[in-house]
Each structure stands twice: as structure tokens, then as C-alpha cells.
Asks: 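Can you read through this structure? Questions will come right after.
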2 protein chains.
Amino acid sequence: MSLMAPTQQVKRRATNQGAAVKEALAAEDTFRSAQDVYATLRANGEKIGLSTVYRHLQIFVDDGLADVIHKPDGESTYRLCGDASTTHHHHLVCRSCGKAVEIEGPAVETWADKVAAQNGFTDVNHTVEIFGLCATCAAA
Amino acid sequence: MSLMAPTQQVKRRATNQGAAVKEALAAEDTFRSAQDVYATLRANGEKIGLSTVYRHLQIFVDDGLADVIHKPDGESTYRLCGDASTTHHHHLVCRSCGKAVEIEGPAVETWADKVAAQNGFTDVNHTVEIFGLCATCAAA
DNA sequence: GTCTTATTGGGAATCATTCCCAGTATGGCA
DNA sequence: TGCCATACTGGGAATGATTCCCAATAAGAC
């Protein structure tokens, strides 16, 4: 989402908690809320605080390691994304299980820029999320 | 955004408060938060409660009179939209002043549907919002 | 090992939004 | 025109996610 220049890595220590959060996210290819990740970690016996989970999630986003999407109900959900920072992309998200598929739409990008320019808008970015029911959830 | 069948109007009374909220929204073509609308109304001497503002805003949305967009920070903002219910459209929003321009992108619609179908997703809908700085705000 | 300081976590604080419910006002009806 | 059933109102409590604060803890450099 950020339009800043590539975030330069700040000095950052390697901690168990940070690794745990990353692992939790890596375990599934779905968008998960901070609360959810926290619950999972605790249930897993991990010793970690909620604040810390939020902190790391935010760091991942800042570092371009994770994508965020805000569910319609306002909750923020996170997911690790391979080369998210290098490849701008969007998501097709299952509104039931959260499973997400990365999608690209070059046409959409150019369309967005064009429309913005035509209306005199600058410093533009956009959000495109497609919600639906994945095959699995639809069958259930 | 809803995929339901056109909401059938429930019996609904005409009240001063309801009218006031609608007027407040109609006064400007920008997306405004409930808190914002509430503050404006009160500042304007209107006798109305915060709950009531939220209530009417939600009603407008349900009735297809208004559009909602969730700002990246999670706050919900509302704006009256002429024939929103009949014409599916998106918005180009100024991230500074909230001013919004209605835009259409037939290509985006079909693209979204196609991508979803290819991935086995059903019951699909999507959100597309473009944020930027309008000419006025950019100049300031 | 020691020291500097980033990191942690738990509880308080914030904030938007929702809930609850007794009081109020609208619309229908006689 | 007056009355009644009930939709609407609003203030404060409740909720829930997220942020803040800060003393205790633990990386990592020398």
C-alpha cells in the first residue's frame, strides 16, 4: 500500500516471538487476523503477548513480507506474500475460510492510473479485492 | 456491494433525524464518517444521538441510497449515491479531503468475474477503490 | 561475560461501532 | 380530530480490535 521508496531495513533483532509469528502465518495460505494468530500461538503453548503479535504483523507489512486486507467488517487480516514487494498483485479471497489466491490484472492497473489521471488525481494507489466462496466452502 | 435481491422496503417512518442525516450527507459529495456527520449535526444545533446517526447511515446503505467505503485505517465512510442501486460503480477518492468521483470500469467487472470463475470461486463480489490526491489538495 | 538497547508483554487506554431500553413521536384508524 | 400501537430516539454501557505505556528481559557487539 505504501508509496514510499523501498523501505530500508532498520536494524532488527531476531527473536523467538518474531519467528513464531512468521511461522504461524507461513503455516497457512489464508489471510488471518492478529487475534487469530495470537490465539493460535497461545493454544500452541507459545509464550507471546498480543501486543507483540500486532507489532510483528505490522513489521512484516512495512518490510513488504506480508499483505494486509481489511475485511468488510473492519478487521485487518494478514498473509505472507513471497515477492509481494516486487510484484504488485491483488487477491481473490474466500469469504468463508479466508483462503486467498494471488491474482494479477495488468489491465486494471493501467485503467486505475488512467482514470485517476483523467480526474486530476495524483499520488495514486488502489485496492482491488475479490471476495467469493472457494469451491471447497461452496460444497460444504 | 450486496448480492441480495433488491432489498424490499420495510415500513419506515419519516423522522426529523433521518432527514437531517440525509441532508448532512447530501450537503457534500465526499465520503464522511459517522462520527463526522454526527459532529457536524450537533455543531449545527441538531438534536440527535450518535446511535441514530449510525442507524440511519446503515439504513441508507441497506436501501441502496448510499455507498460505504472502509478507509485503510478501518473507519467506515458514507456518501449518498444517486442511482447506486442500479448502476454498479466504484470510486476515485481523495485521501486528503474525501472528495469522491464515481467511476465505472466494465472491463474490471468482467475481469473480476473471469478470474473468480477460473479459480472455482462463486458468489463473487469485489471492492475496487482508487485513492489519490485531488488536484485541489495536491496544490495545497 | 558485560553492557547497550531493541524487544517484550500485560494491562490500561483509545476509538469506532453496537447494544440496551425506557421515553418519545409518527402514522393509521376510528 | 383524538387515540393507540409501535417504530424511532438517544444516552450510556458494552464490545472488540488495536494502540499505548513502561518496567523487565534478552539479543548481539565488543
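Numbers restart at 1 for each chain; the letters A, B, ... are given by sequence-line order, proteins then strands.
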Asks: Answer with yes or no whether the side chains of A/H89 and A/D67 bring together a donor and an acceptor at under 3.5 Å.
Replies: yes
Asks: Is there a donor in the side chain of B/E129 and an acceptor in the side chain of B/H90, or the other way round, less than 3.5 Å apart?
Replies: no
Asks: Rounded to the nearest Å, what distance is computed from the CZ atom of residue B/R42 to the C1' atom of nucleotide D/dG11?
Replies: 10 Å
Asks: Spell out protein contact along nucleotides 18-30 of chain D as letters: B when the base is contacted, S when just the sugar-phosphate is, - when no protein heavy atom is under 4.0 Å; keep the 5' to 3' order.
Replies: BBB-----BBS--
Asks: Same cluster for B/V108 and A/I69 if Ile/Leu/Val/Met/Phe/Trp/Tyr side chains link at under 4.5 Å?
Replies: no
Asks: Quick one about A/H88 and A/E104 (side-chain donor to acceptor, distance below 3.5 Å, no hydrogens or angles considered), yes or no?
Replies: no
Asks: Over all strands shown, is A/H70 touching base, sugar-phosphate only, or nothing at heavy-atom distances under 4.0 angstrom?
Replies: nothing
Asks: Side chains of A/Q35 and A/Y54: any donor to acceptor distance under 3.5 Å?
Replies: yes
Asks: Less than 4.0 Å between a side-chain N and a carboxylate O, is that true for B/E102 and B/R79?
Replies: yes
Asks: Taking only side-chain N and O atoms of A/H56, does any of them lie within less than 4.0 angstrom of OP1 or OP2 on C/dT8?
Replies: yes
Asks: What integer distance in Å separates A/L41:CG from C/dG10:P?
Replies: 13 Å
Asks: Could you list the protein-to-nucleotides 28-30 of chain C atom pairs, N/O on both sides, closer than 3.5 Å?
Replies:
none

Asks: Checking A/Q58 against A/Y78: is there a side-chain donor and acceptor pair closer than 3.5 Å?
Replies: no
Asks: Measure from CG on A/L57 to C1' on D/dA17 and round the result to the nearest Å.
Replies: 13 Å
Asks: Heavy-atom distance under 4.5 Å between the side chains of A/V21 and A/L41, does that happen here?
Replies: yes
Asks: Is A/F31 reachable from A/I59 through a run of hydrophobic residues whose side-chain heavy atoms are each under 4.5 Å from the next?
Replies: no
Asks: Could you state the CD1-C1' distance from A/I48 to C/dT7, rounded to the nearest angstrom?
Replies: 11 Å
Asks: Distance check needed: C/dT7 P versus A/F60 CZ, whole Å only.
Replies: 12 Å
Asks: How many whole angstroms separate atom OH of B/Y38 from atom C1' of D/dG12?
Replies: 11 Å
Asks: Using whole Å, what does the distance between atom C1' of nucleotide C/dG23 and atom CD of B/Q17 come to?
Replies: 13 Å
Asks: Would you mind reading off the distance between B/E46 atom CD and D/dC8 atom P, rounded to a whole angstrom?
Replies: 18 Å
